[in-house]
Amino acid sequence: MHDSSPAFHPETLAIISGRPPRDSDEPLNVPVHLASTYVAGGEREYGRYANPSWTAFETALGALEGGRCVSFASGIAAISAVLDLVEPGGTVVAPLHSYTGTIGQLDDRASRGQLRVVYVDIANTEEVAAASAGAALVWIETPTNPALELADISAIALAAHEHGALVAVDNTFATPVLQRPLELGADIVVHSATKYISGHSDALMGAVVTAIDAHHDAILGRRSLYGAIPAPFESFLALRGLRTLSVRLSRAQDSAQELVRRLEGHPELEEVRYPGFGAIVSIVVRGGADAADAAISRARLWLHATSLGSVESTFERRRRWPAERPTIPEGLVRLSVGLEHVDDLHADLIAALGR
Ligand SMILES: *Cc1c(COP(=O)(O)O)cnc(C)c1O
């Protein structure tokens, strides 16, 4: 594997990391390695423990986040591995408006007595700091999905560490191009690589990136033990996606910012929420669920689909999911701005919103 120097910018690291050695006849990219077992006596041994296609992806994402990466079958499998670090009965502090799958998993574990959850307003650093006293883990998502609140990672990490709590950040929305939580003091970063990192709506994958070796070893141990391993082909696709992450995100962010400028004050919108960076925008349609659903059904370019972070622009009314928090407005539509021309995206939205 090519060793990536920390002196390079993220844009460069995304291109150079996770390559085979620069030797004659080596391919420029690590191919899809299909192997369930390896000749004994080496470091890989068995396909549940190691795969060169995983390693290539992990090397690249680890270089971007500034830590060591372990990849998983999905984002939710990565989250599960981190929550497993909490000893039985431990307390987890988490944002009220987390990704619904995260809430589902926390509530499931809590209902079976495995842990205790305290939900907080993650934008309220004082509330989070107070809740972290006695906690085992402070879970941060920033920006939150789909409320788009922002957490102060550095301040929360300082407070949590004073209380001996671990700090994990779900960095799916920002990606390491826009936010590197380990540099801000977090211990663990989690990704749904299904979203921006893969970026083409064709692969499910997750990852955990850790700052210290003990956490890396614990996470890797859980993957080998419980088997939530990614497929070699998905790993290949995710690394292929990661190579273009910064250009995709930069274009999508430009378009999101332009859309926010054009949508602010639109008479059919109660609110336009945008955290100032990234390419996710939440709009609240006047008239609630029915008006939002009607607008969604009128769109011809925007795709009605859950998930986000792909080349296609997608949107959905989040409260169509029963698991979404009732504090999210019925008419809130989460926009994932993709790579189509911003004028086309804008015209389609305006037409959809118009009566
Ligand atoms: C989608 C998502 C997840 C879950 O990832 P999967 O790859 O779908 O398992 C976790 N966190 C956030 C913020 C997400 O958007």
Side-chain angles (χ1 to χ4, degrees), residues 54 57-58 60-62 64-65 67-86 92 94-95 97-109 122 137 139-146 148 151 167-182 186-210 215-216 219-220 222-223 226-242 245 248-249 278-280 305-310 314 316 318 321 323-324 334 336:
W54 304 346
F57 170 77
E58 290 164 352
L61 184 56
L64 276 178
E65 288 285 8
R68 293 176 74 189
C69 174
V70 178
S71 52
F72 282 88
S74 65
I76 210 75
I79 290 168
S80 180
V82 175
L83 294 182
D84 278 345
L85 297 181
V86 178
V92 177
H97 296 137
S98 302
Y99 170 67
T100 50
T102 305
I103 293 171
Q105 197 175 134
L106 284 167
D107 288 350
D108 176 67
R109 287 168 183 263
I122 204 71
L137 172 68
W139 187 270
I140 298 177
E141 199 180 294
T142 181
T144 58
N145 178 14
L148 302 180
V167 176
V169 179
D170 184 333
N171 205 27
T172 299
F173 273 33
T175 87
V177 170
L178 299 176
Q179 170 172 279
R180 283 179 292 283
L182 299 184
D187 304 291
I188 299 173
V189 169
V190 171
H191 278 285
S192 169
T194 309
K195 315 290 168 55
Y196 284 104
I197 288 175
S198 293
H200 294 76
S201 304
D202 51 15
L204 269 120
M205 232 176 100
V208 177
V209 189
T210 48
H215 295 150
H216 170 82
I219 294 288
L220 183 61
R222 303 213 70 80
R223 183 181 68 180
Y226 290 92
I229 53 170
F233 187 59
E234 268 69 2
S235 308
F236 174 89
L237 286 178
L239 178 53
R240 191 180 161 118
L242 183 66
L245 173 65
R248 283 186 286 109
L249 192 56
I280 306 291
T306 196
S307 198
L308 54 99
S310 190
T314 56
E316 73 167 337
R318 283 301 301 176
W321 296 96
E324 190 57 82
R334 186 188 64 201
S336 171

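Not measured: the values here are computed from a predicted model. The residues of the chain are indexed from 1 along the displayed sequence.
At least one side-chain heavy atom of Ile188 sits under 4.5 Å from a side-chain heavy atom of Leu85. Within the 4.5 Å cutoff, the side chain of Glu65 has heavy atoms near those of the Pro181 side chain. Contact of the Leu204 side chain with the Glu234 side chain is not registered, since no non-hydrogen atoms from C-beta on lie closer than 4.5 Å. Contact of the Trp321 side chain with the Thr306 side chain is registered, since non-hydrogen atoms from C-beta on lie closer than 4.5 Å. Between Phe72 and Val82 the shortest side-chain heavy-atom distance does not fall below 4.5 Å. Contact check for Tyr99 versus Thr172: no side-chain heavy atoms found under the 4.5 Å cut-off. Annotation: side chain of His191 is in contact with side chain of Pro176 (closest heavy-atom distance under 4.5 Å). With contacts defined as side-chain heavy-atom distances shorter than 4.5 Å, the pair Tyr196/Leu308 qualifies.
Note that the OG1 atom of Thr102 and the CG atom of Asp170 stand 5.5 Å from one another [nearest 0.5 Å]. We find the CD1-CD distance between Ile122 and Glu141 to be 9.0 Å, quoted to the nearest 0.5 Å. The CG atom of Asp202 sits 5.0 Å away from the CG atom of Leu237 when rounded to the nearest 0.5 Å. Summarising the geometry, atom CE belonging to Met205 is positioned 8.5 Å from atom CD1 belonging to Ile197; distances are rounded to the nearest 0.5 Å. Remark: Cys69 SG to Trp54 CH2 distance equals 12.0 Å, nearest 0.5 Å. Rounded to the nearest 0.5 angstrom, Leu242 CG and Ser235 OG are separated by 12.0 Å.
Of all the heavy atoms in Leu106 and Ala94, the pair that sits closest is CD1-CB, 3.6 Å. Residues Ala60 and Leu239 approach most closely at CB-CD1, 3.6 Å, considering heavy atoms. Contact record, Leu61 with Ala207: CD2-CB, 3.5 Å, taken as the closest heavy-atom pair. Shown here for Ala151 and Thr142, the closest heavy-atom pair between the two residues is N-OG1, 2.9 Å.
Considering only residues two or more places apart in sequence or on other chains, Arg109 meets the side chain to side chain contact (heavy atoms under 4.5 Å, CB included) condition with Ser80, Leu83, Asp84, Gln105, Gln114, Leu115. Remark: Ala73 engages no residue in a side chain to side chain contact (heavy atoms under 4.5 Å, CB included) (not counting sequence neighbours).
For Ser98 (side chain) and Ile103 (main-chain N/O), no donor-acceptor pair under 3.5 Å exists by modelled atom type. Under a 3.5 Å cut-off, the side chain of Arg240 and the backbone N or O of Phe236 do not form any donor-acceptor pair. No donor-acceptor distance shorter than 3.5 angstrom exists from the side chain of Ser192 to the backbone of Gly75, with no hydrogens or angles considered. With hydrogens and angles ignored, the 3.5 Å screen pairs no side-chain donor or acceptor of Arg334 with any backbone N or O of Thr314. Using modelled atom types, one side-chain atom of Ser310 and one backbone atom of Ser201 make a donor-acceptor pair closer than 3.5 Å. Between the Glu58 side chain and the Ser71 main chain, a donor and an acceptor come within less than 3.5 Å of each other. Side-chain N or O atoms of Ser198 include one that pairs as donor or acceptor with a backbone N or O of Ala193 at under 3.5 Å. Within the 3.5 Å criterion, the main-chain N or O of Val167 finds a donor-acceptor partner in the side chain of Asp187.
Partner Val209 forms a side-chain contact (heavy atoms from CB on, under 4.5 Å) with one of Leu182, Asn171, Val190 and no other, that one being Leu182.
For the residue pair Thr100/Glu324, the side-chain donor-acceptor check at 3.5 Å is not satisfied. Neither side chain, Arg318 nor Asn145, offers a donor N or O lying under 3.5 Å from an acceptor on the other.
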Mind running side chain to side chain contact (heavy atoms under 4.5 Å, CB included) on Arg223 and Leu220 for me, showing each step along the way?
CA-CA 5 Å; Arg223 183 181 68 180; Leu220 183 61; 3.3 Å; yes

